[in-house]
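Following: one structure in structure tokens, then a few remarks.
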Amino acid sequence: SMYNGYSTNNSQANPLLPNDFDENEDNENEDNANDSNTEENIINDKKVSWQTAKTSISKFVNGNSNVNKTVSNYVKAYGGAKSASKTAKAGIGTIINIGQFINNVTSEGYNQTLEKYNIDYNNKSAKDVLSELINYLAPSPVTKEDSIARKALVVTMEALYELLERENLEIDNITNETLNFIIPKYVESYIYERIINDLGSRIETTSLNSTHAVKIELEIKDYITAKVDIAFKGKDFEKMSFNKVEVESLYNQCYTIMENML
């Protein structure tokens, strides 16, 4: 269950977990996004169940809570910022792919990099090339996590295309400096798509109508964007090496701010 995680009561255990699952094997439980009993959570006394997270967003939709508290409870339901970041595997992988692609463009050239990635760019528009690039950086999804990462990349590439159009730039103008636009945009899009995927059904069922639902989703999106801006203020992504630890820390910075309502 994405809401309740595993239970110590065998009669209520998550059927998706194997019969020999040992809840005390803390070195093997880091990848379970629903484990709200992580060491970090216990130490900070911030135990929040997925049911609490669902209730919190329902209250927000009804006007009885605020977006800060809602998103904070959501992060805590993952076991806190550290756990939420560790389980963002597809999101981490996609950023690594983005970084490697743009670094290759800078060092080897735009056309050479596309050829290396088997992307046909001849007589193709910028939009067509970006669409092909999405298929390389975030292939057709297999899991729910893959789907979230790919959707966030689509949103990010749309924003990049709009930037190129607005600045009247050709797509081969992509350089390492582009990372300072594309990385924050991807992180905020991923975090937003993830929360909508996890709790969006509550927004749909609790909202008065579709217009109200869109308003709530937009408020959540704006809140996430603001927190990502705070987390990354002054950061130069051109200097990143784009390894797993470094990229995971980007998510951790954002989730920590949201968890602590800073």
Side-chain angles (χ1 to χ4, degrees), residues 26-44 46 48 53 68 71-104 106 137-138 143-146 148-153 155-156 159-160 175-198 220-221 223-262:
D26 52 3
N27 63 323
E28 295 183 4
N29 291 340
E30 291 181 346
D31 295 338
N32 189 328
N34 306 315
D35 179 6
S36 61
N37 296 312
T38 62
E39 182 178 355
E40 180 185 45
N41 238 20
I42 293 173
I43 291 175
N44 294 321
K46 295 179 179 178
V48 171
N68 309 53
V71 176
S72 175
N73 280 337
Y74 167 74
V75 176
K76 290 174 183 175
Y78 261 102
K82 185 176 180 180
S83 181
S85 303
K86 281 184 175 294
T87 54
K89 289 188 173 183
I92 292 170
T94 302
I95 286 185
I96 291 174
N97 290 340
I98 291 171
Q100 290 175 343
F101 172 79
I102 293 183
N103 284 338
N104 284 335
T106 301
L137 300 177
T143 66
K144 179 184 75 173
E145 170 68 9
D146 293 339
I148 294 168
R150 182 179 172 88
K151 190 170 184 180
L153 184 59
V155 172
T156 302
L160 177 58
T175 64
N176 268 8
E177 187 177 351
T178 310
L179 290 167
N180 289 322
F181 170 82
I182 202 170
I183 299 302
K185 186 64 182 178
Y186 182 81
V187 171
E188 70 180 57
S189 298
Y190 174 85
I191 292 175
Y192 170 74
E193 295 297 341
R194 198 181 193 193
I195 192 172
I196 293 300
N197 185 84
D198 289 336
I220 293 173
K221 183 176 177 60
Y223 176 79
I224 292 172
T225 298
K227 297 308 174 185
V228 170
D229 286 345
I230 291 172
F232 295 157
K233 185 176 181 180
K235 186 171 182 62
D236 186 0
F237 294 94
E238 295 182 57
K239 299 177 181 180
M240 283 187 62
S241 59
F242 292 97
N243 58 61
K244 180 179 180 296
V245 173
E246 192 175 25
V247 174
E248 185 180 305
S249 72
L250 296 179
Y251 288 99
N252 190 42
Q253 291 171 46
C254 298
Y255 277 125
T256 297
I257 290 175
M258 295 174 196
E259 180 183 6
N260 297 327
M261 295 184 284
L262 299 176

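In summary, the side chains of Asn103 and Thr106 do not present any donor paired with an acceptor at a separation below 3.5 Å, with no hydrogens or angles considered. Checked by atom type, the side-chain pair Ser85/Glu248 shows no donor-acceptor distance below 3.5 Å.
The shortest heavy-atom contact between Ala138 and Arg150 is O-NH1, 2.6 Å. Heavy atoms only, all atoms of each residue included: Gly99 and Leu179 are closest at CA-CD2, 4.1 Å. Nearest approach of Ile224 to Glu188, heavy atoms of both residues: CG2-O, 3.7 Å. Residues Ile183 and Ile98 share a closest heavy-atom pair of CD1-CG2, 4.1 Å. In terms of heavy atoms, Cys254 sits closest to Val187 at SG-CG1, 3.9 Å.
With a 4.5 Å cut-off on side-chain heavy atoms, Glu259 and Tyr78 do not count as touching. The side-chain heavy atoms of Ile191 and Tyr255, taken from C-beta on, include a pair separated by under 4.5 Å. Within the 4.5 Å cutoff, side-chain heavy atoms of Lys144 are placed close to those of Asp198. Side-chain contact between Tyr251 and Ile95 is present, with heavy atoms from C-beta onward closer than 4.5 Å. The side-chain heavy atoms of Lys221 and Ile195, taken from C-beta on, include no pair separated by under 4.5 Å.
The main-chain N or O of Val155 is never found under 3.5 Å from a side-chain atom of Tyr186 such that the two would form a donor-acceptor pair. Checked by atom type and distance alone, the side chain of Asn197 never pairs as donor or acceptor with a backbone atom of Glu193 at under 3.5 Å. In this structure, the side chain of Ser189 engages the main chain of Lys185 through a donor-acceptor pair within 3.5 Å. Using modelled atom types, one side-chain atom of Asp146 and one backbone atom of Thr143 make a donor-acceptor pair closer than 3.5 Å. Of the possible donor and acceptor atoms, none in the side chain of Thr156 sits under 3.5 Å from a partner among the backbone N and O of Ile182. Side-chain atoms of Thr94 do not come within 3.5 Å of backbone N or O of Gly91 as any donor-acceptor pair. Listed for the Asn180 side chain is a donor-acceptor partner under 3.5 Å among the backbone atoms of Phe237. Here the side chain of Thr178 pairs a donor or acceptor atom with the backbone of Thr175 at under 3.5 angstrom. Checked by atom type and distance alone, the side chain of Asn243 pairs as donor or acceptor with a backbone atom of Val245 at under 3.5 Å. Put simply, the side chain of Glu145 gets close to the backbone of Ala90: a donor and an acceptor are under 3.5 Å apart.
The environment of NZ in Lys227 is crowded: more than 12 heavy-atom neighbours from other residues, nucleotides or ligands sit within 6.0 Å. Surrounding CD of Glu177 are at most 12 heavy atoms belonging to other residues, nucleotides or ligands under 6.0 Å away.
Tyr190 OH to Leu250 CG: the interatomic distance, rounded to the nearest 0.5 Å, is 13.0 Å. For the atom pair OG of Ser72 and CD1 of Ile257, the computed distance is 12.5 Å after rounding to the nearest 0.5 Å. Here the NZ atom belonging to Lys82 is positioned 12.5 Å from the OG atom belonging to Ser249, to the nearest 0.5 angstrom. The distance from atom CE of Met258 to atom OH of Tyr223, rounded to the nearest 0.5 Å, is 7.0 Å.
Considering Leu137, Asn97, Ile148 in turn, Leu137 is the only one that fulfils the side-chain contact (heavy atoms from CB on, under 4.5 Å) rule with Leu153.
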